[in-house]
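Heads up, the thing below is written out as structure tokens.
Letters go in sequence order (proteins before strands), and every chain restarts at 1. For the numbers below, each heavy atom of this structure counts, side chains included, while hydrogens, waters and symmetry mates do not.
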4 protein chains.
Amino acid sequence: MPRTAKQFEEIRADRKKAILNAALHVFSEEGYHSASISKVSKAAGVSKGLMYNYFESKVELLQILIGSLFDDEINGMRKTLEQPVTEQSMIEFIQMGTKILKSKPKQWKLYFSMSTQPEVLKILQDKFSTDHILFSTKIIEFFKMKGDKNPELSLTYFSTAITGKKVSYIMDPDNYPIDKIEKLIINQFITT
Amino acid sequence: MPRTAKQFEEIRADRKKAILNAALHVFSEEGYHSASISKVSKAAGVSKGLMYNYFESKVELLQILIGSLFDDEINGMRKTLEQPVTEQSMIEFIQMGTKILKSKPKQWKLYFSMSTQPEVLKILQDKFSTDHILFSTKIIEFFKMKGDKNPELSLTYFSTAITGKKVSYIMDPDNYPIDKIEKLIINQFITT
Amino acid sequence: MPRTAKQFEEIRADRKKAILNAALHVFSEEGYHSASISKVSKAAGVSKGLMYNYFESKVELLQILIGSLFDDEINGMRKTLEQPVTEQSMIEFIQMGTKILKSKPKQWKLYFSMSTQPEVLKILQDKFSTDHILFSTKIIEFFKMKGDKNPELSLTYFSTAITGKKVSYIMDPDNYPIDKIEKLIINQFITT
Amino acid sequence: MPRTAKQFEEIRADRKKAILNAALHVFSEEGYHSASISKVSKAAGVSKGLMYNYFESKVELLQILIGSLFDDEINGMRKTLEQPVTEQSMIEFIQMGTKILKSKPKQWKLYFSMSTQPEVLKILQDKFSTDHILFSTKIIEFFKMKGDKNPELSLTYFSTAITGKKVSYIMDPDNYPIDKIEKLIINQFITT
DNA sequence: TATGAATGAGTTTTCATTCAT
DNA sequence: TATGAATGAAAACTCATTCAT
């Protein structure tokens, strides 16, 4: 009984996921450069040769892993920021960030360790250039709305806190009390 | 007529500095793993072989570059925290952090991109294990003194802000207004 | 259609043999240290890289080549000495030594040139520690049985002759009359 | 007060000896190929550069060390064998061999581990080719004199014992009872 | 589609020898 | 004469990628 084209597609999709997943684990454990394709393929339960049937190269794996991260983030953030800027939407915006972070800690760790590398910078530029401005504008708007006298600086300070939260969590996801810190950030920057 | 011992010492010191400097530039530009010893030696204007006259291995270069960073930081922090904990000493502590950051931005960038790698984690454990506890204790003491009801959480929030400051600066040292952010942190956590 | 597991196994076994064989020739011709992996791989008709698919390191090649020698020898000696000690078993013991020597002259040459090196001493210790004592005991027992007044010294003299035979043969396998010397040794030490 | 030419010569000779001595120790400890010129020069208390003032190359050191061994041996053997061949002269010949062995165990060990290498074979050919025949002839003559029916084979068996003695002693100079074995050899081959 | 053997360019590292002083 | 810094050629080893089957 030959499989249908649709079944083939499904198999392909599953395998791709399995490989990406294996790559994520191995890369985040050993670091992208130290990890070998051999280990990834073994972890995925797939032969080395087959990997190249699904992905062009090692760097493509990395770029997909990190790129998808930002697809999620950007989409999430875009949704919350498309609404009129209110305390509520800002809170959702922050919570969205935490949620995305908690759902993919390994990806974020990987991203973090590679964020200064050319291979990764390239993606970020592609993905982020336009959206970043949008977000900034929205957040500044919020601070203005609250009567902030230096909303640009507030944006920077706010981003600093968000960054600190992200990095601290990535460094030690098991012990960092991210929810409590989130609340403190919300208290400090959003609800007065 | 052979050179004197002192002359040799000077040559060695100069070359060591030159090599470390070159390594720092190349590593921080291209990433430790992507950078080759060949490139480092070319950047330092010496032969590949000579590098091994001065340093045991590629990883030793990395460890010296990053280790020295923490020697500085630990010493700075120790000095400011040896004093009785006051607002003044806490301010100095924060300013010390900024100063160290600004004096060696490339090293810090390198450190951040390598901070999840075994090669680097090992050094930090060696350098940091005891001191870290001391610093935490002191800062908690400060927050207690100020009547804080949850000084442990405040420490974490404070560390989050400091981390955010560090990382934000490293990511974009030319545009990040670190001094202004420093003031905001001092205002928020120290002087009320 | 991919090869079956069995086919892969065969390929691996063949290649391993070919590489070990090439290594033996090159090492014993030029000496272990002077011989390069490049030359070995060329002699085996494979790429340098492939060697490391099959063997961990250059020194592993050496250790396998020499280790297998002693596996053979120890097994042979053990078999003949497990029997009750008689003139016949002692003769077989000596003949076994000659046979092993003649079957792998290049390995023995390699062994002798490396026998004082740490890389090789290590294997011998692992392989020989317990058996050596057993063998000595058995041979001493034989000399005692024959009424020898100083069987320990006789063991040493006997070993000296065996060693002399081994080394002389290795140095010039084509011209050394090993069988005749073997007979002389048997006459001298075993049958009167 | 400028040194005389003779004094200079003496200094040179002393230094040469010191370097050769250091080389011997280091080579015999670590093996010729594994040992580095750096270590030798340090052991000799002399700079690397200066070593090349006294010796052409690393291999020259080896060749001098091993060559001198055979100068001694050949001279010693020649002296004892220049006399008419008697039991006494044969005994002296054997004792001479033991004496030379005991006086330079490290050289012999080095020689032994290098004896199959091209660098060393070259010297031996130069030194040995003619003398070896002389010695063989003399010893055969002795066995003939004693009424031996196969003196050529006896020579080989005798050489085997001598070789065995040599090698056994080199392998474990501290525990091998070379004097006792020497007596046994003399008893067996010389004094019937 | 699927395998893992095979490649080869590239990497780190070593060290006898040379050279400026 | 004396030093050890400096070289560079060659070594061992790695690994992303290709390829025969």
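Heavy atoms of C/Ser57 sit under 4.0 angstrom from primed sugar atoms or phosphate atoms, though from no base atom. Contact annotation for C/Ser47: base contact, defined as any heavy-atom pair under 4.0 Å involving a base atom. Nucleic acid contact for A/Leu50: base, since at least one base atom lies under 4.0 Å from a heavy atom of the residue. Counting non-hydrogen atoms under 4.0 angstrom, C/Ile37 reaches the backbone sugars and phosphates but no base. Within the 4.0 angstrom heavy-atom criterion, only backbone atoms of the sugar-phosphate kind lie near B/Lys58; the bases stay farther away.
The CZ-P distance, from D/Phe55 to F/dT1, rounds to 14 Å in whole Å. In this structure, the CZ atom of B/Phe8 is 4 Å from the C1' atom of F/dT3, given to the nearest Å. As rounded to whole Å, 14 Å separates atom C1' of E/dG10 from atom NE2 of A/His33. If you measure from atom NZ of D/Lys39 to atom P of E/dC15, you get 10 Å, rounded to the nearest angstrom. Nucleotide E/dT17 holds its C1' atom 14 Å from the CD atom of D/Glu60, rounded to whole Å. Spacing between atom CZ of C/Arg3 and atom C1' of E/dA6 amounts to 10 Å, rounded to whole angstrom units. Spacing between atom CZ of C/Arg12 and atom C1' of F/dT21 amounts to 17 Å, rounded to whole angstrom units. Atom pair C/Glu10:CD and F/dA20:P shows a separation of 20 Å (rounding to whole Å applied).
With distances taken from any side-chain atom of D/Lys48 to the nucleotides E/dT12, E/dT1, F/dA6, the minimum falls on F/dA6. Here F/dA2 is the nucleotide among E/dC15, F/dT7, F/dA2 with the atom lying nearest to any side-chain atom of D/Tyr54. In the set E/dA5, E/dT12, F/dA6, F/dA6 carries the atom at the smallest distance from any side-chain atom of B/Ile11.
For the pair C/Ile170/C/Tyr111, no side-chain contact is recorded, criterion being any heavy-atom separation below 4.5 Å from C-beta on.
Cation-pi check for B/Lys109 over B/Phe27 is not met; the charged atom does not lie both under 6.0 angstrom from the ring centroid and within 45 degrees of its normal.
Across C/Ala22 and C/Val40, no two heavy atoms sit closer than the pair CB-O, 3.7 Å.
Mapping A/Ala35 and B/Glu9 onto DNA chain F by nearest heavy atom places B/Glu9 at the nucleotide closer to the 5' end. Looking at which nucleotide of DNA chain F each of B/Asn53 and A/Glu56 is closest to, the 5′-most match is held by B/Asn53.
Ring planes of B/Trp108 and B/Phe112: tilted class, angle from 30 to 60°.
Under the 3.5 Å distance criterion, with hydrogens and angles disregarded, no donor-acceptor pair is assigned to the side chains of C/Tyr54 and C/Arg15.
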